[in-house]
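Here's the structure, in structure tokens; my notes come after.
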Amino acid sequence: MKMIIGLGNPGKQYEKTRHNVGFHVIDELCDRLSAPAMQAKFNGMYTVIHRPEGKVMLVKPLTYMNLSGECVRPLMDYFEVNEADIVVLYDDLDIAPGTIRLRQKGSAGGHNGMKSLIAHLGTDQFNRIRIGVGRPTGGMKVPDYVLAPFSKEESPLIEDMVQKSASACEAWFAKPFLEVMNNYN
């Protein structure tokens, strides 16, 4: 089974924020793939889609961003998914809006959701799609920035990144992540 994990925060107040782009990609994949309704387990929401290439689980941790690993590790253990079979989708301040970067490993880069995942998985050797949200300007603090909604000007770029990220995930169903990475970076 492959597992695609979108990082974000639960609740209406966070729904359209920069920190929730991972959730947006999961929602897009659910729509594209006509996914069954999400179920709750291990403080997260998930659904399993049966594809010709195999099963794919879509996951939204409900632990809030900084504790994402507390949901993902138990799900991986319960469903016997190894690190090579996951992709994590998350917002990245160091990438401009409108850009995605696929990687097979790496540090958390200051992202608390990724810090939690790396700590709970015991490795940084897993696939990820970094979704650019850019850095705050005008003295805005990072926490305020990532928990703010996208501007009207950014919205089309964000929608494009969500679509590209979902397409990259779909490509991964049938191709090695390295090949997908080379096609999308």
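Everything numeric in this text was worked out from a predicted model, so none of it was measured.
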Determine yes or no for a side-chain-to-main-chain donor-acceptor pair under 3.5 angstrom, with [X] supplying the side chain and [Y] the backbone.
X: S68; Y: M65; value: yes
X: T17; Y: A148; value: no
X: R32; Y: Q163; value: yes
X: S165; Y: M161; value: yes
X: S155; Y: S151; value: yes
X: N43; Y: C71; value: no
X: R128; Y: F126; value: yes
X: K141; Y: P136; value: no

Please determine whether side chain to side chain contact (heavy atoms under 4.5 Å, CB included) holds for the pair M181 and Q104, giving the CA-CA distance in whole Å, both sets of side-chain angles, and the decisive distance to 0.1 Å. CA-CA 8 Å; M181 191 170 82; Q104 291 184 294; 4.1 Å; yes

Contact check, side chains of [X] and [Y], non-hydrogen atoms, under 4.5 Å:
X: D92; Y: R101; result: no
X: V59; Y: P61; result: yes
X: L93; Y: V142; result: yes
X: V48; Y: V56; result: no
X: F79; Y: K41; result: yes
X: I158; Y: V21; result: yes
X: L7; Y: M114; result: yes
X: N127; Y: D85; result: no

Closest approach of [X] to [Y] (non-hydrogen atoms, all atoms of both residues):
X: R73; Y: H120; answer: CD-O, 3.1 Å
X: L102; Y: I129; answer: CG-CG1, 3.7 Å
X: I86; Y: V88; answer: CD1-CG2, 4.2 Å
X: C169; Y: I4; answer: CB-CD1, 3.7 Å
X: N20; Y: H24; answer: O-CD2, 2.9 Å
X: G69; Y: P74; answer: O-CD, 3.9 Å

Answer yes when [X] and [Y] have at least one side-chain N-carboxylate O distance shorter than 4.0 Å, and no when they do not.
X: R130; Y: D91; value: no
X: E170; Y: R51; value: no
X: R18; Y: E154; value: yes

Partner of L89 by side-chain contact (heavy atoms from CB on, under 4.5 Å), out of V25, I5, V162: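 With L89 as partner, V25, I5, V162 yield a single side-chain contact (heavy atoms from CB on, under 4.5 Å), made by V25.
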
Going hydrophobic residue to hydrophobic residue with side-chain gaps under 4.5 angstrom, can you get from [X] over to [Y]?
X: F177; Y: I118; result: no
X: F173; Y: M3; result: no
X: L58; Y: M45; result: yes
X: Y14; Y: L62; result: yes
X: Y64; Y: Y46; result: no

I want to check a possible cation-pi pair here: R135 against Y145, using under 6.0 Å from ring centre and within 45° of the ring axis as the test.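 No, R135 does not lie over the aromatic ring of Y145.
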
State the CG-CG distance between N9 and L147, to the nearest 0.5 angstrom.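 Spacing of CG (N9) from CG (L147) equals 6.5 Å.
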
Could you tell me the separation between the CD1 atom of I49 and the OG atom of S34, rounded to the nearest 0.5 Å?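 The OG atom of S34 is 9.0 Å from CD1 of I49, to the nearest 0.5 Å.
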
Between Y90 and H111, is the ring centroid distance below 6.0 Å?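 Centroid distance Y90-H111: below 6.0 Å, so yes.
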
E80 atom CD: more than 12 heavy-atom contacts under 6.0 Å: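 Incorrect, the count does not exceed 12.
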
Check the pair E83, K105 against salt bridge (charged side-chain N to carboxylate O under 4.0 Å, His left out), reporting the backbone distance first and the verdict last. CA-CA 10 Å; E83 288 82 7; K105 61 182 178 180; over 6 Å; no

Would S116 and N66 count as a side chain to side chain contact (heavy atoms under 4.5 Å, CB included) if you check the C-alpha gap in whole Å, the side-chain angles of each, and the deciding distance to 0.1 Å? CA-CA 6 Å; S116 176; N66 296 356; over 6 Å; no

Using side chain to side chain contact (heavy atoms under 4.5 Å, CB included), reason through F42 and V72 one step at a time and then give a plain yes or no. CA-CA 8 Å; F42 301 117; V72 174; over 6 Å; no

